Amino acid sequence: MENIRKIRNIGISAHIDSGKTTLSERILFYAGRIHRMQEVHGDKGSSGGGATMDFMELEKERGITITSAATQVEWNDKCINLIDTPGHVDFTVEVERSLRVLDGAVMILCAVGGVQSQSVTVDQQMKRYRVPRIAFINKMDRTGADPERVTRDLREKLNLNIVPIQLNMGEGENFQGVIDLITMESLSFEGEGGEKVVRNEIPSDYIDTAEAARHDMLEALSMFNDEMMELLLEEQEIPLQMIHETVREATINRDIVPMMMGTAFKNKGVQPLMDAVCDYLPSPLDRPAFARDHGNEGTEVPLECDQDAPLVAMAFKIADETFGQLTYTRIYQGQIEKGRHYRNARTNKMTRIGRIVRMHANDREDILDAGPGDIVALVGVDCASGDTFCGDGINYSLESIFVADPVISLSITPEDSAAQDKMGKALSRFMKEDPTFRVSTDPETGQTIIAGMGELHLDVYIERMRREFKAAVTVGAPSVSYREAPTKEYEYNYKHKKQSGGSGQYGHVVGRMIPLDADADSTYDFEDNIVSGRIPGEYIPAVNKGFQEAMKKGPLAGYEVVGVKMCLDDGSYHSVDSSEMAFRICARDAFKEAFTKTAPCLLEPIMAVELELPTEFQGAIVGDINSRRGIILGTENRDTFTVVNAEVPLANMFGYATVIRGLSKGMATFTMEMSRYARVPNKLAEEIIAKRREEQAAKK
């Protein structure tokens, strides 16, 4: 139990280019895991180049993190399992599945950029999985660094109770170090790699500011500790132990987010952050986990962080490799041992664990077993992302991982039969690795369609297909994943009768098709209002299935239908001719007929776009966004730069990286992520539908 108390499972998450991988590299160096720090944009000629955690060739070339990487370090007698996650929204599933199994997180913010678009997404993911966090303001050495504005952004935009536990000494080129508001000491970082942390008295210039900041910190903390509040009111000295305990407890309860700062690139502020991870973020014992007991009607049961209990572990990430599948696994209860068999709760099959490894980026270390709180990888185990492994005598499953729907698709065609086989293997592997990467076949043309979260997402997989599988493929133009939706209610009454010798088919359904609100939690809802056995209970699931089948291809232009509530209010059946198949066909045809009477509309994905650009180019870039049917939500001036937030239809953002480079002499950057679906203007919708029907007619 004491060993489990020393484990910290943490992730590092942030907006793209905030310094996550650089920070991970410093953590590895200071913990003695590596003996030389590499940079994300390293020179390939120097000692391999590229950061340790960015081990894929594509990551090194592009200078971005594409896949999450895991490692383990020792610090302050604690064992830290660290996962470095991507910042780019196209690879957001990597963040999603990492946060699902982690106990705590470090949220990094750029001292200049502050709260950016992907910071908001990461915040939502952390809130979804109730993950306690520490905020770290990075890049304090950059010109324009403004920790006060970042703190204000965190409070106002993310609604977080930020409690600064450090104060900066200077910023930009003048950034010297930090003041520890708990111990009231100044911290500077000396040595070639900043490995020596020097604690001194606070410089006289900062004493008044530090005392005021410490008082604010103690006031904020006293809201969660009555004894501290009494001491504060009586103006007595508050023991350091009490401060540490209060920060830890309030952080784990997600009442506060302690805030720290530094510059990972200049090797300042990293070791205190590592101390804080050990001191304030939870161990597996502090984070209760629950599972569904399928041996007891799916009742929710608490898991015990006990190695003697039956095993409960989750496979949260899959990576197919030359020597078989690598399955990243978090153990919640019990112990996983090499050579033993465990049940996969989804397939109900027994699986033998042949090899267990501890990961260090792309390197691995063989181990014989792993216990509660451990994050390890299993080699050669056939399973899917999100599967639960159980020990003897239990049938539990853990809540799965949230997976967003893809918004962009491309057609890919192999150049010859050899490429066809290689492409098939590649697509099969990629789908297993990444739940947001989807593959389908166009029923009319037989073309293979791949869908994902953005242009970069698909571009990376196409490049991997060519490099890793040597598959020569031709790529078609990107297309938008439009949706169809009803706009008004319609009462349907549909009868399906078919007689062709012997027993026939009979089904009759009556009910209402109701549009769901745009902000509804689901895209489809089914309501069974059948009474008095008007339709036998065994046929109701077939009706539901028939409705869902019809939604896959809407009658308007063949796109998926969303935003529908189907109420089944009445109907009739035939004692001989009715069957599940008859009711399924009846429901499918009833849906198609009813949908055309609901004044259906076309929906398109709208992207939240954030642009950072020199102010001199603002007019040209804003004008270009407006010309793309974009809506400017706000602009913010930061010294010589301007940040523009806008919403733009995805259809008008293909190839935008090239356009914005041309408009800003290569000085502007942008990020975009899926925001919502919105109605396409009528005139444009008519053009899209007409074009789609022409394409379908040509295929026939």
Side-chain angles (χ1 to χ4, degrees), residues 7-13 20-21 24 52-56 59 65-73 79-86 91-105 125 129 131 284 289 311-338 342 344-346 351 353-390 397-403 429-437:
I7 294 174
R8 299 290 181 271
N9 292 318
I10 67 156
I12 296 183
S13 303
K20 296 177 298 302
T21 304
S24 300
T52 307
M53 300 296 268
D54 284 351
F55 54 82
M56 283 173 64
E59 292 180 314
T65 303
I66 291 170
T67 180
S68 52
T71 190
Q72 187 182 78
V73 299
C79 171
I80 302 174
N81 288 312
L82 172 73
I83 297 184
D84 172 29
T85 62
F91 310 107
T92 191
V93 72
E94 292 286 339
V95 187
E96 197 79 45
R97 56 186 168 195
S98 298
L99 288 174
R100 167 65 185 84
V101 299
L102 292 170
D103 299 318
Q125 289 169 323
Y129 298 114
V131 177
L311 175 78
V312 178
M314 181 183 216
F316 67 93
K317 174 178 160 66
I318 305 296
D320 265 358
E321 298 193 331
T322 316
F323 304 107
Q325 181 172 300
L326 194 65
T327 305
Y328 289 80
T329 307
R330 158 77 196 256
I331 294 126
Y332 285 91
Q333 168 179 295
Q335 200 166 21
I336 196 163
E337 295 175 29
K338 180 180 174 179
Y342 300 96
N344 183 325
R346 179 180 59 85
T351 301
I353 307 301
R355 188 178 168 206
I356 308 171
V357 295
R358 203 176 291 291
M359 298 300 295
H360 173 51
N362 202 29
D363 299 326
R364 56 204 69 178
E365 165 198 339
D366 280 277
I367 55 175
L368 296 175
D369 54 48
D374 276 340
I375 292 177
V376 294
L378 313 177
V379 181
V381 171
D382 186 25
C383 68
S385 185
D387 281 359
T388 304
F389 290 108
C390 298
S397 71
L398 293 154
E399 179 195 353
S400 199
I401 300 153
F402 172 82
V403 178
R429 169 173 159 179
F430 296 157
M431 275 197 297
K432 211 169 188 183
E433 283 183 16
D434 184 351
T436 61
F437 180 78

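In this chain, residues are counted from 1 in sequence order. Only this structure's heavy atoms are used, side chains among them; waters, hydrogens and symmetry mates stay out. Bear in mind the structure is a predicted one, so any value in this text is a computation, not a measurement.
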message: If I take atom CG from residue Asn9 and atom CG from residue Asp103, how far apart are they, to the nearest 0.5 angstrom?
response: 4.5 Å

query: Any side-chain heavy atom of Leu398 sitting closer than 4.5 Å to one from Val312?
result: yes

query: Measuring from Ile353:CD1 to Thr329:OG1, what's the distance to the nearest 0.5 Å?
result: 7.5 Å

- prompt: Where do Leu378 and Val381 come nearest, in terms of heavy atoms and distance?
  reply: CB-CG2, 3.8 Å

task: Over all heavy atoms of both residues, which pair between Gly334 and Pro372 is shortest? Give the atoms and the distance, please.
output: O-CD, 3.2 Å

message: Once rounded to the nearest 0.5 Å, what's the spacing between atom CD1 of Ile331 and atom CD1 of Ile336?
response: 5.5 Å

- prompt: If you look only at pairs with a residue in residues 378-389, which of them pass as a salt bridge (Lys or Arg N to Asp or Glu O under 4.0 Å), with sequence neighbours excluded?
  reply: Arg346-Asp387, Asp382-Lys432

field: Residues forming a side chain to side chain donor-acceptor pair (under 3.5 Å) with Thr388, sequence neighbours excluded
entry: none

- prompt: Do Ile83 and Phe316 come within less than 4.5 Å of each other through their side chains, counting heavy atoms only?
  reply: yes

- prompt: Do you know which two heavy atoms are closest between Pro284 and Arg330, and how far apart they sit?
  reply: CB-NH2, 3.8 Å

query: For the atom pair CD1 (Ile367) and CZ (Arg355), what is the distance rounded to the nearest 0.5 Å?
result: 11.0 Å

- prompt: Side-chain contact, heavy-atom cut-off 4.5 Å: Asp374 with Arg358?
  reply: yes

- prompt: Looking at Met314 and Glu399, what are the two nearest heavy atoms and their distance?
  reply: CE-O, 3.3 Å

- request: Report the distance from atom OH of Tyr342 to atom CD of Glu337, rounding to the nearest 0.5 Å.
  value: 4.5 Å

Within-4.5 Å side-chain heavy-atom neighbours: Ile375 and Leu102: yes

statement: When rounded to the nearest 0.5 Å, the distance separating CD1 of Ile80 from CD of Gln72 is 9.5 Å

query: Does Val101 reach the side chain of Tyr332, with side-chain heavy atoms less than 4.5 Å apart?
result: yes

- prompt: Nearest heavy-atom pair of Val357 and Leu326: which atoms, and what distance?
  reply: CG2-CD1, 4.3 Å

message: Restricting to non-hydrogen atoms, name the atom on Met359 and the atom on Ala377 that form the minimum distance, rounded to 0.1 Å.
response: CG-CB, 3.8 Å

- request: May I ask you to decide if Asp369's main-chain N or O and Gln335's side chain share a donor-acceptor pair within less than 3.5 Å?
  value: no

- request: Show your reasoning for whether side-chain contact (heavy atoms from CB on, under 4.5 Å) applies to Cys383 and Ile318.
  value: CA-CA 8 Å; Cys383 68; Ile318 305 296; 4.0 Å; yes

